[in-house]
Amino acid sequence: MSDQHQLPMEAWKQAQTLAINCPEFKPDVEEEWLAEETISCYNCRYRRFVGAGIRCMKALFPDF
Amino acid sequence: MKFYLCIDDTDNLDSIGTGTIAEQIQEKIIRQGYGPCCLVTRHQLYIHEDILYTSHNSSMCFYGEAPDDALATIIDLAAKHLDTVAAVGSDPGLCVLAYDESCHYDELMEFGIQAKQTILTKDDAMACARNHQLHLSEHGGTGQGIIGALAGVGLRLFGCDGEIKGALKNAVINQSYTVADLKNLPEVEQVLDLTSKEPLADTTLIRLDNRSKTVLYRHHYVLFVRQDKNNQYVTIPKAEIRQLGEHFYV
């Protein structure tokens, strides 16, 4: 997967908007939440932390 | 006997978390009549494409007290629990150390620190484990979880790494608490000024501005806070705490 499908760290607003509109969003366990907003890609069970951001394991990120 | 227990890589995208499994093992140990056990700490390990973590590469560790002859029972109990609940496709690892205060654990602590900064192998983990006569076992899959399990014990021994699982989850955001109130929580032993690292007086008011966490710092559960532009002490967001962890705790 190319880096254009990677959401950089601290894109808080974007991550919230994406998660609110995502049919697959599922909150991870609380200790793994990173964002202040509960519904956020950073708090989703299906995100994977990579070097400089996160990737969506459901491949639902748009091109950034 | 003081023992350290750590597990890693027990989950998949849809299973219960490794932290929950650690707490389940802790409950079983206590039901066995052993304990007390301390709170579980979450240790962030190296994030790298070549490491087969599920989503965040962290391990979960705690220590407890038990009779000297209980080590085999604890290992057996934890191993059976892992074999029962670990998720399909996971690569679980278990590490149990019977702490001996006459031993030096520098290499083990260094292994933990290295696991936050570089890619380590199962061979690295097994070599380190042999040198410290501790229990290290694989429980399915590739067994890669032994690396994080061993690292977690090393980092817990090191005493300056890891977030306290479940910390502050019942505290109300945007509410202010005195330091004394916060120290009544089991997950808060000290409230320290982030800049000076000095403890704050029990009467100091702290506003919970965000989803903060206490961290293991010098073997204590510490809530770091700082003053805002109005000189009010406020908590530090979790994302920033994790960044601090890369340079500050270690």
Of all the residues in residues 231-238 of chain B, which have a heavy atom that comes within less than 4.5 Å of a heavy atom in chain A? P237(B), K238(B)
Donor-acceptor under 3.5 Å (E36(A) side chain, R211(B) main chain): yes
For the side chain of R242(B) and the backbone of L34(A), is there at least one donor-acceptor N/O pair under 3.5 Å apart? no
Enter the distance from [X]:[atom1] to [Y]:[atom2] here, rounded to the nearest 0.5 Å.
| X | Y | atom1 | atom2 | value |
| --- | --- | --- | --- | --- |
| K213(B) | W33(A) | NZ | CH2 | 9.5 Å |
| Q243(B) | E10(A) | CD | CD | 5.0 Å |
| L13(B) | K58(A) | CG | NZ | 7.0 Å |
| D28(A) | D11(B) | CG | CG | 8.0 Å |

Heavy-atom contact with chain A under 4.5 Å, split by part of I51(B): backbone
With heavy-atom distances below 4.5 Å as the criterion, would you say the side chains of [X] and [Y] are in contact?
| X | Y | result |
| --- | --- | --- |
| H56(B) | R47(A) | yes |
| R45(A) | S15(B) | yes |
| S58(B) | E31(A) | no |

What's the verdict on salt bridge (Lys or Arg N to Asp or Glu O under 4.0 Å) for E30(A) and K165(B), showing C-alpha distance, side-chain angles and the deciding distance? CA-CA 9 Å; E30(A) 185 268 346; K165(B) 182 183 180 311; over 6 Å; no
Report, as yes or no, whether the 6.0 Å neighbourhood of atom NZ on K26(A) holds more than 12 heavy atoms from other residues, nucleotides or ligands. yes
What part of V50(A) gets within 4.5 angstrom of chain B, counting heavy atoms only: side chain, backbone, both, or neither? both
